[in-house]
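What follows is a short report on a single structure.
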Number of protein chains: 2
Amino acid sequence: MEDKHDLFGKCPFITAQKIIAGKWAVVILHNLSLKTLRFGELQRLLPDLTQATLTKQLRSLEEYGLVNRHVFPQVPPKVEYSLTDIGKEFRIVLDSVSIWGEKYIEHAKLLEAAQK
Amino acid sequence: MEDKHDLFGKCPFITAQKIIAGKWAVVILHNLSLKTLRFGELQRLLPDLTQATLTKQLRSLEEYGLVNRHVFPQVPPKVEYSLTDIGKEFRIVLDSVSIWGEKYIEHAKLLEAAQK
DNA sequence: CTGCATCCTTTGAGATACTG
DNA sequence: CAGTATCTCAAAGGATGCAG
C-alpha cells in the first residue's frame, strides 16, 4: 500500500478519500465513535465482513492514525480499539454523512413510490 | 455494477459509502458544488484522471441521482454537469470533510515535524 | 468536444485454513 | 480471542483508439 504519510500538499478531499476509501472504514469509525470496542465485539456488530477483512481495515485506520490499538498481555488475548484524538474529530464527518444519508434514503423512497 | 436503487433498509453510512466509493466521487462533487461545469472544464480541473474514467464516475453519480447531465444538441457537442437537489444537499458532507481534512493534514505535519 | 469500446493491470474484499 | 497466510475473484481504474 501507498505510504500513509505522503499526504501533504493534497487537497483535503483527496486526503480524506484515501483514508475512508476502505469499504468498511466509515462504518467502523462510526461504531468506534460510540464506544471503545474489542475485536470480537466489532466483529459481532459487523457480521458481513470476515476476520481477515476486519483486521486489514483496522490496520489501515491505525496506520493513518485514526485508531488506537491497545493490546492487553493476557491469555486469552484481549485487544481494544478506540479512536485517537484526530479520529474523534472525524465525528463531524460521521454526523454529516448520517444526516445526508438519511435524507438520501428518504429521497430515494419517494422517487420509488412516484414511479409506481 | 449493483442496482443503484437497492439501497433501502441500509444504514445511512453504508448507503453513503456505496455512493462515494468511487476514487474521484468526492472531488467531482466538490467541484460541481462550486459551479456547473462542462465535461472539458471538469477534465482540466482534474488532470489526474482519464476521459474514460471521468465519464464512468459521472455516469455513476448520475445513476445515483446526485448529478444532472444536460446535453446541448449542438455541433460540436456541449454537455454540462450540475448537482441535483439531493446532490446539493451533499454540501454538508463536503464541508465537514474539508474541515476535517485540513485538520488531519495539519495534524500529520506536526507529527512529521516532531519525529525529526 | 464529448465520450464510447476494448483491453489490460491492479486493487482489495472475501473464503478458508492455521496459530500463539 | 485475535489474529496471520494464501488464494481466488470481481471490480475499478487506466491506456488507447475510434466516432458522432
Side-chain angles (χ1 to χ4, degrees), chain A residues 1-4 6 10 13-14 17-29 31-32 35-64 67-82, chain B residues 1-4 6-7 10 13-29 31-32 36-64 67-82:
Chain A
M1 193 175 285
E2 179 179 352
D3 179 13
K4 309 275 184 181
D6 184 22
K10 301 281 175 62
F13 297 104
I14 294 183
Q17 205 287 330
K18 289 190 181 177
I19 295 173
I20 63 173
K23 189 171 174 181
W24 301 98
V26 174
V27 190
I28 291 173
L29 290 172
N31 280 286
L32 289 181
K35 190 170 173 297
T36 291
L37 292 168
R38 294 183 58 173
F39 186 87
E41 294 176 311
L42 211 37
Q43 212 183 336
R44 255 166 272 126
L45 289 169
L46 306 169
D48 289 343
L49 78 180
T50 60
Q51 269 186 354
T53 304
L54 179 55
T55 300
K56 281 183 220 164
Q57 304 277 322
L58 285 168
R59 287 285 176 287
S60 173
L61 292 172
E62 196 190 347
E63 285 181 57
Y64 277 121
V67 164
N68 278 321
R69 181 163 171 267
H70 186 184
V71 182
F72 295 83
Q74 304 176 350
V75 177
K78 170 178 170 180
V79 181
E80 279 189 353
Y81 291 90
S82 60
Chain B
M1 194 175 285
E2 180 178 352
D3 179 13
K4 309 273 186 183
D6 184 23
L7 252 27
K10 302 282 176 59
F13 296 106
I14 293 182
T15 300
Q17 205 287 329
K18 289 190 182 179
I19 296 173
I20 64 173
K23 190 170 172 181
W24 300 98
V26 174
V27 190
I28 290 173
L29 290 173
N31 280 285
L32 289 182
T36 292
L37 292 167
R38 296 184 57 176
F39 185 87
E41 295 176 310
L42 210 38
Q43 212 184 335
R44 256 166 271 127
L45 289 169
L46 305 168
D48 289 344
L49 77 180
T50 60
Q51 272 184 353
T53 303
L54 179 55
T55 300
K56 282 183 217 167
Q57 303 276 323
L58 285 169
R59 284 289 174 285
S60 173
L61 292 172
E62 196 190 348
E63 284 181 60
Y64 277 121
V67 164
N68 278 319
R69 180 161 171 269
H70 186 186
V71 181
F72 295 83
Q74 303 176 351
V75 177
K78 169 179 170 181
V79 182
E80 279 189 354
Y81 291 90
S82 60

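Order of the sequence lines fixes the chain letters, A, B, ..., with proteins taken first and strands second; residue numbering starts at 1 for each chain.
B/Leu37 has its CG atom 15 Å from the C1' atom of C/dT2, to the nearest Å. Rounded to whole Å, the distance from CG on B/Leu58 to P on D/dA12 is 15 Å. For the pair B/Leu42 CG and C/dG3 C1', the computed distance is 13 Å after rounding to whole Å. A/Asp48 has its CG atom 12 Å from the C1' atom of C/dG14, to the nearest Å. Computed from coordinates, the A/Leu54 CG to C/dG12 P distance equals 17 Å when rounded to whole Å. For A/Gln51 and C/dG20, the CD to C1' distance is 14 Å, given to the nearest whole Å. To the nearest angstrom, P of C/dG12 lies 11 Å from NZ of A/Lys18. We find that NE2 of B/His70 is positioned 17 Å from C1' of C/dG3, with the value rounded to whole Å.
Heavy atoms of B/Phe72 sit nowhere under 4.0 angstrom from any nucleic acid atom.
In the set D/dG3, D/dG14, C/dT2, D/dG3 carries the atom at the smallest distance from any side-chain atom of A/Phe39. Residue B/Arg59 places its side chain closer to C/dC4 than to any other of D/dG14, C/dC4, C/dG14. Proximity note for A/Trp24 (side chain, C-beta onward) versus C/dG14, D/dG14, C/dC4: the nearest is C/dG14. When distances are taken from the side chain of B/Pro77 to each of C/dC1, C/dC4, D/dT4, the shortest belongs to C/dC1.
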task: Sugar-phosphate atoms are those with a prime plus P, OP1 and OP2; base atoms are the rest. Using that split, label each nucleotide of nucleotides 5-10 of chain C B, S or - for protein heavy atoms under 4.0 Å, 5' to 3'.
output: B-----
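At C/dA13, one or more side-chain N or O atoms of A/Gln57 fall inside 4.0 Å of OP1 or OP2 (strictly under the cut-off). For the OP1/OP2 pair of D/dA2 and a distance below 4.0 Å, the side-chain nitrogens and oxygens of A/Gln43 include no atom meeting the criterion. The side chain of B/Arg38 contributes no N or O atom lying less than 4.0 Å from OP1 or OP2 of C/dC1. Using a 4.0 Å cut-off, no side-chain N or O of A/Arg69 falls inside it from OP1 or OP2 of D/dA2. At D/dC1, none of the side-chain N or O atoms of A/Tyr81 fall inside 4.0 Å of OP1 or OP2 (strictly under the cut-off). Regarding contacts with the backbone of D/dG14, a side-chain N or O of B/Thr53 is found under 4.0 angstrom from either OP1 or OP2.
What you find for A/Leu58 and A/Leu42 is that their closest heavy atoms are CD2-CD2, 3.9 Å. For the pair B/Arg69 and B/Val79, the tightest heavy-atom approach, listed with the atom from each and the gap, is CG-CG1, 3.8 Å.
A side chain to side chain contact (heavy atoms under 4.5 Å, CB included) with A/Ile14 is found for exactly one of B/Val26, B/Asp48, B/Val27, namely B/Val27.
Separating the CD atom in A/Gln43 from the OG1 atom in A/Thr50 is a distance of 8.5 Å, to the nearest 0.5 Å.
A/Arg38 is linked by a side-chain hydrogen bond (donor to acceptor under 3.5 Å, both in side chains) to nothing, counting only residues two or more places apart in sequence or in another chain. Qualifying side-chain hydrogen bond (donor to acceptor under 3.5 Å, both in side chains) partners for A/Thr36, counting only residues two or more places apart in sequence or in other chains: none. A search for side-chain hydrogen bond (donor to acceptor under 3.5 Å, both in side chains) contacts involving B/Thr55 returns nothing, not counting sequence neighbours. A search for side-chain contact (heavy atoms from CB on, under 4.5 Å) contacts involving A/Val67 returns A/Leu29, A/Leu32, A/Leu61, A/Tyr81, A/Leu83, not counting sequence neighbours.
Proximity of A/Trp24 to B/Gln17: side-chain heavy atoms (C-beta onward) are nowhere separated by under 4.5 Å.
Where the helix from C/dC1-D/dG20 to C/dG20-D/dC1 starts and where it ends, the local axes point in directions that differ by 50°; five pairs per end, rounded to 10°.
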query: Would A/Gln57 and A/Thr53 satisfy side-chain contact (heavy atoms from CB on, under 4.5 Å), going step by step from the backbone distance to the final call?
result: CA-CA 6 Å; A/Gln57 304 277 322; A/Thr53 304; 4.2 Å; yes
